[in-house]
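As the structure is a computational prediction, the values presented were derived from the model and not from experiment. Remember, it's 1-based here, ligands and their atoms both numbered in the order they're listed.
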Amino acid sequence: MAEQAINNNDTSVQDEWGQICSQLKLEFGETAYDSWLKPLTIGSLNNGVMNICVPTTFMKNWVITHYSERIHKIWEHKNPEIKQVNFVVQTMNSGDTSLLKKIVSTPTPQNLYVSNYESAVNDYIRPDSSSQLSAPLNPAYTFDTFVVGKTNEFAYAAAHKVAESKNVSFNPLFLYSGVGLGKTHLMHAIAWHIRQQDPSRNVIYLSAEQFLYKFVKALRYKDTAAFKEQFRSVDVLMVDDVQFMSNKESTQEEFFYTFNSLIEEGRQVIISADKSPSDLEGIEARLKSRLNSGLVADIHPTDFDLRMGILQNKARQMGIALPEKVAEFLAQKITTNIRELEGSLRRIVAHSQLLSDREITLDMTQDVLKDMLRSIDRKTTIDEIQKKVAEYFNISVKELQSSRRARTVARPRQIAMYLAKQLTSRSLPEIGRKFDRDHTTVMHAVRKVEELIVEDTSLAENVETLRRSLEN
Ligand code: ADP
Ligand code: MG
C-alpha cells in the first residue's frame, strides 16, 4: 500500500488536528478529553482517508462509538479534502503488540518505562497498583492559591475542615457548581494538604471518567477483584465530576459498592458534580440518597469582588503589574467563570511579554480581547434566543422547551439549539439544560441544522434572519 506517512513538517494537518483537539475539549469537557482523546495521534493521510492512531483496541472501540462522527465532521468542515477518518491501533513504533500484552500481564519497572512509548499510553495501559491509582494533582491547586469570597466560602470551609480533620467529619463531602468555579481546585487542595500533613494516609483523587475507565478495563481483563483490592487501603477517596457516571449502570453499581464500603469503614469520601445530588440525572436513587447523606456544599457563580481578588492574586503569582483599571474592566466583563477569567488574563500577559514587555493598559486589553469582548457585548442569551425563535415560528417558549416531537415544534427547537451554540459561548450541556435535554441532543440538533442549511434554502433563510435579528 502506498501510504504516505505524515511528515512532521506537514504543519497544516498538524495544526488542524491541534484545532480539532481544542474544539473537542470544549465540546466534551476536559475530563473526557484527557481520558479518551488526548492519547490519539494523527497517523497517515491517504486519498482523503485520515488515519488516527489509538493505543488500544478497547480505546479504539470507545472512540469510534463516542467521538468519531464528531471528529470527522469537524475535520471535514475545516478541510474538505478529508473524506474519512479511520482509527488504527498503534501501540509501538514497531507496531509490536506482543510487548503491549507483556506490559499488561507483568508490570515491572523496566517495562513500565519503555522508552519509545508515549507517556499517555503508559498511563492507559499499565495495570494499576494503588500508588498509580490516583490521577496526578496540579501543584498550583492548593488552599494557598484559592481565593475565598462570599460565593465559595462555605465550600472552602467544608473542604478545609475535611482536609484538617484526622477523623472523618462529613461523609461524604459533596461539592457542586457550574464549570470553572473551583471544584477540582478544592479537591486537589484537600489532597495536597493531607499528603503534606500525613504522608502515610492514602489519598486517591480520580475523575469519574477515570474511575469508569479503570473499572471497564478491569472487567475486560477479568480483574475486578484486583480493582476492588486497590480501594481497600484508601483513606480518602475523591471522585471528581460524577455526573459522568449517569446512565452507566454497571459503573454506578461498582462505585456504590466501593463508596459504601469505604464510608462504612470510616474512610473519607469526597465527591464533586455539576449539580446537587438530587438534581443529578441518570443516577440511581439509592446512590443519590447516599450522596445526599453527608455534607452538600455548592459554589455559586462568582461576584465582582471575588473576580477582582482572583485577578490580583494571579497577577501577583505571575509577577506582573496589573493596573487596577484593567482588573476592574476584566472583572466587570468576564463573568462566566474563573477559568475564562484566568484565560483572558493569560492572553493579555502573553501578549505584553511577546511584545518585549509592553505595558499592560486598558487599550491593549481591549484590543487583545476584542473577539471575546465582542461576543460578550452582544450578550445574546439562550433565553433571548428561545424567545425570538418561538415568536418567529409562532409557538410558545414552553413548547420549545417541552418534550413534544411534532415537527412544528421540534424543528424550531433544533434551530434554537443551533443558534445558541453559534451565538453564545455556552457549552453543549449548558444549552441542553435550558431545553431540558442532554448534550447529545444538542449536538444532534446542531448537526441536523448544519445539514439542513445546505439542503433547504428556505430554512437557511429563516436561520439567517433569526441570526441577524439576534445579533443586533
Ligand atoms: P471546576 O472543577 O469547578 O470546573 P476548576 O477547579 O478547574 O473548576 O477551576 C477552574 C480554574 O479556576 C482553575 O484554574 C482554578 O485554579 C481557578 N479557580 C477556581 N476557583 C478559584 C479560586 N477561588 N481562587 C483561585 N483560583 C480559582
Ligand atoms: Mg473540575
Side-chain angles (χ1 to χ4, degrees), residues 25-35 38 134-160 162-163 173-193 205-212 238-246 270-276 279-280 296-318 322 327 330-331 334-350 425-430 433 439:
K25 199 190 273 186
L26 278 179
E27 287 181 17
F28 295 103
E30 221 155 293
T31 326
Y33 175 81
D34 285 349
S35 305
K38 201 165 146 194
S134 185
L137 299 174
N138 187 332
Y141 292 178
T142 62
F143 283 125
D144 292 344
T145 56
F146 192 85
V147 181
V148 185
K150 275 203 201 74
T151 58
N152 60 18
E153 63 187 0
F154 183 63
Y156 171 84
H160 202 259
V162 164
L173 169 62
F174 188 100
L175 298 169
Y176 75 94
S177 77
V179 302
L181 293 175
K183 299 180 295 292
T184 300
H185 189 136
L186 277 180
M187 290 177 110
H188 286 205
I190 298 173
W192 284 124
H193 193 89
Y205 165 88
L206 278 176
S207 68
E209 194 106 21
Q210 285 157 335
F211 184 92
L212 165 77
M238 301 193 211
V239 183
D240 204 350
D241 289 320
V242 295
Q243 70 274 10
F244 278 109
M245 277 189 196
S246 58
I270 303 160
I271 305 289
S272 87
D274 66 350
K275 292 190 200 71
S276 73
D279 288 340
L280 282 172
V296 177
D298 62 339
I299 306 177
H300 299 274
T302 57
D303 59 18
F304 179 79
D305 291 344
L306 182 68
R307 294 195 291 275
M308 278 302 277
I310 285 170
L311 286 167
Q312 283 156 347
N313 212 40
K314 269 265 147 200
R316 209 172 315 120
Q317 279 168 30
M318 294 165 99
L322 183 69
L330 292 174
I334 300 166
T335 56
T336 41
N337 65 49
I338 301 170
R339 190 171 297 139
E340 289 197 13
L341 191 65
E342 283 182 353
S344 58
L345 180 63
R346 246 180 270 122
R347 263 168 75 179
I348 301 165
V349 173
S425 56
R426 302 281 146 211
S427 68
L428 294 174
E430 282 174 311
R433 239 168 277 145
H439 73 282

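With ligand atoms numbered from 1 in the order given, ligand 1 contributes 24 (N), 25 (C) to contacts under 4.0 Å with heavy atoms of Thr145. Atoms of ligand 1 lying under 4.0 Å from at least one heavy atom of Tyr141, given by number and element, are 13 (C), 14 (O), 15 (C), 16 (O).
The option from Asp241, Val148, Asn152, Thr184 that lies nearest to atom 2 (O) of ligand 1, judged by heavy atoms, is Thr184.
Annotation: atom 14 (O) of ligand 1 to nearest protein heavy atom, Glu342 OE1, 2.7 Å. Nearest protein heavy-atom neighbour of atom 16 (O) of ligand 1: His185 ND1, 2.7 Å. What sits closest to atom 8 (O) of ligand 1 on the protein, heavy atoms only, is Gly182 N, 3.0 Å. For atom 7 (O) of ligand 1, the closest non-hydrogen atom of the protein is Arg339 NH2, 2.9 Å. Given atom 18 (N) of ligand 1, the protein heavy atom at minimum distance is Ile338 CG2, 3.4 Å. Here the protein heavy atom with the shortest distance to atom 24 (N) of ligand 1 is Val147 N, 2.8 Å.
Taking backbone and side-chain atoms together, Thr184 has an N/O/S atom less than 2.8 Å away from the Mg ion (ligand 2).
Ring geometry, His185 versus Tyr141: the interplanar angle falls under 30°, so the pair is classed parallel (tilted spans 30 to 60°). Using cut-offs of 30° and 60° for the angle between ring planes, the Phe143 and Tyr156 rings count as perpendicular.
Rounded to the nearest 0.5 Å, atoms CE (Met187) and CG (Asn138) are 14.5 Å apart. The structure places CD1 of Ile270 at 4.0 Å from CD1 of Ile190, a figure rounded to the nearest 0.5 Å. Tyr205 OH to Thr184 OG1: the interatomic distance, rounded to the nearest 0.5 Å, is 4.0 Å. Between the OG atom in Ser177 and the CG atom in Asp274 there is a gap of 8.5 Å [rounded to 0.5 Å]. Note that OG of Ser276 and CG of Asp298 are 8.5 Å apart. Values are rounded to the nearest 0.5 Å.
In plain terms, the two heavy atoms of Ser344 and Ile334 that are nearest each other are OG-CD1, 3.3 Å. Considering every non-hydrogen atom in both Thr336 and Arg426, the closest pair reads CG2-NH2, 3.7 Å.
Looking at Ile310 next to ligand 1, no N or O pair under 3.5 Å apart turns up. Ligand 1 has no N or O atom lying under 3.5 Å from any N or O atom of Val179, backbone or side chain. For ligand 1, the polar-atom distance check finds an N/O of Gly180 within less than 3.5 Å of one of the ligand's N/O atoms.
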